[in-house]
Amino acid sequence: MLTANEIRSRFLDFFRSKGHEIVPSAPIVVKNDPTLLFTNAGMNQFKDYFLGNGEPVSTRIADTQKCLRVSGKHNDLEEVGVDTYHHTMFEMLGNWSFGDYFKKEAIEWCWELLTEVFKIPEDILYVTIFQGDAAEGLEKDEEAYTYWKQFVAEDRILMGNKKDNFWEMGDMGPCGPCSEVHVDCRTPEERRQVSGATLVNADHPQVIEIWNNVFMQFNRLKDGSLEPLPAKHVDTGMGLERLVRVLQGKQSNYDTDLFTGTIAAISDFTAVKNNKRIIYKHSDSKQDVAFRVISDHIRAIAFTIADGQLPSNTGAGYVIRRILRRAVRYYYSYLNINEPLLHWLLPTLASQFEGVFPELKKQIDLVSRVVKEEEEAFLRTLHSGIKRFKAYTSTLVDFSSGSFLQDPQMDDEQMRNDRQNFSLETHQKRISGLVAFELNDTYGFPIDLTELMAREIGWSVDMEGFQVELQKQKVRSRAATALSTDDWVVLKETTPTNFVGYDSLEAEAS
Ligand code: SER
């Protein structure tokens with residue numbers, strides 16, 4: 001059986017043999033693109049080449065790119081750990097043509113690599129093509145259809161709509177029709193009973209997309225219109241975690257050697273700290289979801305910090321903090337661990353990725369210190385926050401009579417507010433904005449953590465109310481800043497800083 005490291009190398013070797021230059025992954029944290037916080041696709045670092053604003057080192061490039069899909073247009077966070085094939089951080093293997101080859105070669109090589117190099121049986125593969133979109137004035141991708149027909153039976157070439165088969169990086173930027181490859185990993189018996197064609201793009205855990213071939217032809221402008229690009233390009237992305245799972249014959253990405261080391265380390269931690277080893281059992285239990293969430297999230301946390309993004313209260317830093325707190329809450333609630341675990345997993349991860357992303361090993365001390373401090377800080381308030389959450393959800397409403405109960409931890413104004421908004425139907429299973437805000441402000445619960453905990457018990461969160469409270473707090477703190485001098489005061493908002501050093505040695509600035 002090929003290891004994940006071997007599979008990654010074979011991908012890169014294959015495209016090297018087709019004249020591609022292999023380049024390193026760009027940092028996972030995006031510093032120079034206001035439309036993105038994190039790299040969410042392999043093509044991000046090449047955006048300028050698609051738009052005709054820069055020259056690549058070669059017209060053919062391949063790499064493995066660290067990606068994070070937890071914010072903006074591509075956001076998989078809800079699925080992570082609950083299912084077995086979505087991740088926060090994942091590696092995207094990709095090959096690119098910048099105005100060089102187009103659909104013909106991209107499709108030929110895609111098929112050659114999957115079926116001849118990796119030897120995936122053809123009868124478990126399906127491909128999709130863009131069916132066109134009248135509203136956008138876009139036609140069916142006949143060209144891709146014609147090339148696929150050379151290799152794939154027509155009943156395995158499926159039509160896809162704009163949502164699945166027209167790829168866009170964000171609300172603006174390069175985009176185009178795409179062809180995906182899906183693998184049906186069900187048993188032969190299951191495949192005989194139900195055709196895999198009906199399960200493509202239907203959230204079936206065993207019928208999954210592994211590779212997306214995008215044919216970049218347009219630029220989406222701010223006003224929503226599409227403008228043809230100066231040249232045509234290829235942008236492909238294959239999820240390494242899914243490919244490894246298929247090639248290692250596993251039912252779940254977490255059963256591949258990309259995750260088993262970390263999962264074993266989590267299990268070791270339970271044995272060392274609690275004197276009772278908890279073992280991962282590959283099930284849907286909350287305990288197993290916790291193993292998956294933690295082994296997924298630690299990768300996102302470790303690599304973003306190693307790439308220079310510290311957890312914080314705003315922007316990209318807050319995304320990291322949210323992911324970290326989500327992981328802490330999972331080990332605290334479902335693995336019965338109440339001391340920092342995440343930092344303990346870092347050496348395992350650093351060794352595993354040393355050959356491909358050496359930056360983690362190089363900075364292991366810094367990353368460990370940051371992660372441990374973050375864990376400790378959240379663990380200090382998590383226990384009281386959970387108590388508060390439970391008190392609220394169990395004592396707010398007397399379900400038998402429908403009457404409103406006094407919550408001992410709420411002050412009078414909070415109670416008055418909640419009573420005014422109260423109606424049994426809507427409020428019965430809804431966390432008020434005020435309480436969601438309190439959990440956030442006092443106990444450090446990111447709002448999506450409160451939403452997650454609410455969902456687990458069949459409740460929802462009054463998000464509008466939460467936003468109102470958040471806004472009120474902003475006004476309060478603005479007023480406070482105006483009165484007192486803190487250690488950091490913004491005196492004047494600046495315009496963005498432009499680097500002008502290529503053309504001049506002096507410039508005026510404030
Ligand atoms: N940009 C495409 C994707 O992210 C292919 O690389 O799916």
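Counting starts at 1 for both ligands and their atoms, in listed order.
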query = Excluding sequence neighbours, so at least two apart, what forms ring pair (Phe, Tyr, Trp, His ring centres under 6.0 Å) with Tyr280?
reply = His282, Phe291

task = Hey, can you tell me if Phe130 and Phe166 have their rings parallel, tilted or perpendicular (30° and 60° cut-offs)?
result =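 The rings of Phe130 and Phe166 sit tilted, inter-plane angle from 30° to 60°.
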
query = Less than 6.0 Å separating the ring centroids of Tyr101 and His20?
reply = yes

task = Give a yes-or-no answer on whether the side chains of Ser283 and Asp288 include a donor-acceptor pair shorter than 3.5 Å.
result =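 Yes, Asp288 and Ser283 have a side-chain donor paired with an acceptor closer than 3.5 Å.
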
inquiry  = Students should find this: residues with any non-hydrogen atom under 4.0 Å from ligand 1. What is the answer?
reply    = Ala41, Met43, Arg69, Met92, Trp167, Asn212, Val214, Asp235, Thr236, Gly237

ask   = Pick one: which of Phe46, Tyr49, Phe15 meets ring pair (Phe, Tyr, Trp, His ring centres under 6.0 Å) with Trp96?
value =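 Result for ring pair (Phe, Tyr, Trp, His ring centres under 6.0 Å) with Trp96: Phe46.
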
note = Note: Asn212 and Cys178 closest approach over all heavy atoms is OD1-CB, 3.2 Å

